[in-house]
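The structure follows.
Numbers restart at 1 for each chain; the letters A, B, ... are given by sequence-line order, proteins then strands.
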There are 2 protein chains.
Amino acid sequence: MQTLSQFIGSHHSGETSSKNEWANNDFLGTAKIYKPHSVLCRQDDDDDTIFIVKSGWALLYRGLLDGERQIIDTPLWGDVVGFRSVDGPRFASLASITELAVHEVSRKVLVERILSGGSFGNKIACSLARLNAILAEHLVNVGRRNAMSRTAHFLLELEERLSSVGLSAHGRYECPLTQHELADILGMTTVHVNRTLSELRKADLVSFKAGHVEILNRKNLVKVAGFDNEYLR
Amino acid sequence: MQTLSQFIGSHHSGETSSKNEWANNDFLGTAKIYKPHSVLCRQDDDDDTIFIVKSGWALLYRGLLDGERQIIDTPLWGDVVGFRSVDGPRFASLASITELAVHEVSRKVLVERILSGGSFGNKIACSLARLNAILAEHLVNVGRRNAMSRTAHFLLELEERLSSVGLSAHGRYECPLTQHELADILGMTTVHVNRTLSELRKADLVSFKAGHVEILNRKNLVKVAGFDNEYLR
DNA sequence: AGGGGTCTCTAACATAGGTTAATTTTTAGT
DNA sequence: ACTAAAAATTAACCTATGTTAGAGACCCCT
């Protein structure tokens with residue numbers, strides 16, 4: 001077993017979770033379901049709830065004073081959001097895009113569970129380490145790659161992250177992000193995201209249409225993106 | 001006591017550390033001293049050494065395939081570098097800029113120490129949480145602010161981080177970063193960093209000359225930067 | 001089926017920031 | 001102090017990306 005997602009079980013079908021795993025983790029309780037476009041928590045809130053995504057898509061973002069925002073991450077199935085080892089206000093907001101099922105745990109409970117040993121704590125630790133690496137790579141992407149490689153890189157990253165929880169296969173996956181949201185992830189404008197996506201499409205590298213992404217030429221796409229998936233392991 | 005730096009003690013003078021604190025943390029051993037421009041570890045290395053900065057300036061960066069790099073952070077006195085909760089290759093390199101004193105600890109030892117309770121573990125946890133917030137804000141900075149605010153924001157951040165370990169006062173501090181390094185931090189070119197710094201100077205906001213930074217008009221600088229120091233707490 | 005809203009796509013134009021290259025200043029080594 | 005290398009500075013030019021504005025396309029609601 002490699003991922004938290006398997007631990008948590010699937011909201012949809014349960015295919016990948018066994019009764020046993022559930023039994024060991026019922027402290028998570030029932031998942032809470034949020035409608036699309038709900039705000040689960042806001043930056044500067046002072047509670048210590050931790051969210052573990054069970055299904056659906058979410059956005060973790062920070063708003064600027066001038067009303068713009070930078071999306072920090074798109075947490076997916078099995079990702080842990082809002083874990084801080086210390087008290088204090090949150091530094092980012094979390095909102096659902098699609099219908100979203102999450103487990104909500106207080107830090108206290110999660111920490112106890114982690115310290116009590118067992119593989120669950122290890123899963124959490126892996127997930128956090130990975131999210132940290134994803135964040136660092138995100139910075140590299142925005143700081144040092146042009147619009148084309150940046151977009152290509154992000155779509156490849158998504159593909160790998162989704163594959164690892166069984167939500168992508170053969171380079172195809174569903175992605176509910178709008179071009180506006182994509183812009184806030186990639187640090188560019190909506191218009192330029194649109195231009196870049198059509199260039200990528202014209203070059204037969206990736207297509208992103210109507211919520212569906214399809215990698216058309218992985219080899220060249222990887223080259224354009226300068227993508228090295230090592231950081232996702 | 002708030003910061004790890006106080007725990008670790010000062011390489012230079014010892015003013016801020018007491019004998020008692022040292023006695024409790026001698027598992028850290030003697031700090032290792034690196035010459036300026038040494039590489040302490042490389043991305044993809046597979047060891048699990050964790051570095052705790054005792055004095056001097058360092059750069060944590062990721063190199064791209066095309067030879068460019070993005071600097072992820074400038075770890076300072078008391079910062080913990082390279083902590084991963086999981087095995088696997090490092091995702092960034094660490095190099096010294098100035099002479100650098102660091103404690104090197106294996107993950108095993110550090111984790112044991114953390115789990116053994118006591119305030120040291122808590123210090124580490126705080127430090128890691130803070131570094132994560134700094135990383136997220138760095139992404140916001142590069143993704144959503146223009147050259148001026150971005151540069152201003154970084155200089156303000158440095159000032160706060162240095163103040164909190166007693167290395168800055170009255171808006172003045174020493175900063176050994178070259179404009180080239182600054183460019184790799186801020187995701188811009190050396191030339192444009194130069195232009196931006198002189199604009200900031202001309203506007204009487206900050207001056208950065210010969211390794212010395214001086215905040216000339218904090219109120220306006222904060223406004224230009226869109227700086228809200230909450231994330232550093 | 002109609003209508004308002006969001007999303008996508010395009011075009012024409014504007015500019016912040018990148019590129020190249022040369023000059024001056026600072027720093028470090030002998 | 002003398003020199004070589006590194007760093008800062010400036011200028012002229014260029015382009016990737018931002019801005020503004022509008023027209024279609026799509027989707028949800030009743």
Side-chain angles (χ1 to χ4, degrees), chain A residues 35-37 57 59 64 66-70 95 97-99 141-154 174-203 206-213 224, chain B residues 35-38 57 59 64 66-71 95-99 141-155 174-203 206-213 224:
Chain A
K35 296 224 172 83
H37 307 290
W57 286 65
L59 294 178
L64 304 215
D66 64 1
E68 293 213 85
R69 68 172 179 177
Q70 172 68 45
I97 305 181
T98 61
E99 182 173 282
N141 210 21
V142 170
R144 279 289 177 243
R145 285 193 258 257
N146 64 22
M148 265 244 151
S149 352
R150 204 186 294 182
T151 308
H153 194 282
F154 178 71
E174 300 307 313
C175 172
L177 295 170
T178 65
Q179 294 183 1
H180 181 65
E181 286 157 345
L182 215 41
D184 284 341
I185 292 169
L186 298 174
M188 38 205 272
T189 58
T190 311
V191 174
H192 202 56
V193 165
N194 186 285
R195 286 196 278 249
T196 307
L197 286 176
S198 37
E199 272 189 81
L200 285 168
R201 176 68 250 250
K202 243 180 282 168
V206 228
S207 121
F208 184 170
K209 283 239 169 204
H212 186 81
V213 177
V224 164
Chain B
K35 295 223 171 84
H37 306 289
S38 320
W57 286 65
L59 294 178
L64 304 216
D66 64 1
E68 294 212 85
R69 69 172 177 177
Q70 172 67 45
I71 295 175
S96 62
I97 305 182
T98 61
E99 183 174 281
N141 210 20
V142 171
R144 279 288 177 244
R145 284 193 259 258
N146 64 22
M148 265 242 150
S149 353
R150 205 186 291 182
T151 308
H153 194 282
F154 178 70
L155 293 176
E174 300 307 312
C175 172
L177 295 171
T178 66
Q179 295 184 1
H180 181 65
E181 287 156 345
L182 216 39
D184 283 342
I185 291 169
L186 298 174
M188 38 204 270
T189 58
T190 311
V191 174
H192 201 56
V193 165
N194 186 287
R195 286 197 278 247
T196 307
L197 286 176
S198 38
E199 273 189 82
L200 285 168
R201 176 69 251 250
K202 242 180 282 170
V206 229
S207 123
F208 184 171
K209 282 239 169 205
H212 186 81
V213 177
V224 164

What's touching nucleotides 28-30 of chain C from the protein side, N or O pairs under 3.5 Å?
none

Could you state the interatomic distance from CD1 (Ile97(B)) to CD (Glu181(B)), rounded to the nearest 0.5 Å?
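Between Ile97(B) CD1 and Glu181(B) CD, I get 4.5 Å after rounding to 0.5 Å.
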Could you list where the contact with chain B starts and ends along DNA chain D, reading 5' to 3', using a 4.0 Å heavy-atom cut-off?
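So the outermost contacting nucleotides come out as dA7(D) to dA12(D).
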Heavy-atom nearest nucleotide on DNA chain C for Ala210(B) versus Met188(B): which residue maps closer to 5'?
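The residue whose closest nucleotide sits nearer the 5' end is Met188(B).
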Is the closest side-chain heavy-atom distance between Glu174(B) and Thr98(B) below 4.5 Å?
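SC-SC contact between Glu174(B) and Thr98(B) ruled out.
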Any side-chain to backbone donor/acceptor pair from Arg69(A) onto Ile185(A)? Under 3.5 Å, distance only.
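No.
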Mind calculating the distance between CG (Asn146(B)) and P (dG18(C)) to the nearest angstrom?
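In whole Å, dG18(C) P and Asn146(B) CG are 12 Å from each other.
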Has the side chain of Ser38(B) got a donor or acceptor atom that lies under 3.5 Å from a matching backbone atom of Ser96(B)?
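Looks like no, no N/O pair under 3.5 Å.
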Has the side chain of Arg150(B) got a donor or acceptor atom that lies under 3.5 Å from a matching backbone atom of Leu186(B)?
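Side chain of Arg150(B) to backbone of Leu186(B): a pair is present.
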Please report the distance, rounded to the nearest Å, between CD1 in Ile97(A) and P in dC7(C).
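Value for this atom pair: 11 Å.
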Is a donor on one side and an acceptor on the other found under 3.5 Å between the side chain of Asn194(A) and the backbone of Leu197(A)?
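Flag not set: sc Asn194(A) to bb Leu197(A) has no pair under 3.5 Å.
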Starting from the 5' end of DNA chain D, give me the residue, Arg145(A) or Glu181(B), whose nearest nucleotide shows up first.
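Closer to the 5' end of DNA chain D: Glu181(B).
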Looking at Arg144(B) and Met188(A), would you say the former's side chain and the latter's main chain have a donor-acceptor pair under 3.5 Å?
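Pair found, side chain donor or acceptor close to backbone of Met188(A).
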Quick one, which residues of residues 190-202 of chain A touch DNA chain C with a heavy atom under 4.0 Å?
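Nucleic-acid contacts, sorted: Val191(A), Asn194(A), Arg195(A).
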Interatomic distance where CE belongs to Met148(B) and P belongs to dT15(C) [whole Å]:
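My rounded result for the distance is 17 Å.
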Answer yes or no: is there a side-chain heavy-atom contact under 4.5 Å between Thr151(B) and Val206(B)?
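No; the side chains remain at least 4.5 Å from each other.
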Less than 4.5 Å apart, any side-chain heavy atom of Leu200(A) and any of Phe208(A)?
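Leu200(A) does not reach Phe208(A) side chain to side chain.
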Rounded to whole angstrom units, what separation is found between the CD atom of Gln179(B) and the P atom of dG18(C)?
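So the CD-P distance, Gln179(B) to dG18(C), works out to 14 Å.
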For Leu177(A) and Leu59(A): C-alpha separation, side-chain torsions, deciding distance, then whether side chain to side chain contact (heavy atoms under 4.5 Å, CB included) applies.
CA-CA 10 Å; Leu177(A) 295 170; Leu59(A) 294 178; 3.9 Å; yes
Rounded to the nearest 0.5 Å, how far apart are CZ of Arg195(A) and CE of Met148(A)?
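With rounding to 0.5 Å, CZ (Arg195(A)) is 12.0 Å from CE (Met148(A)).
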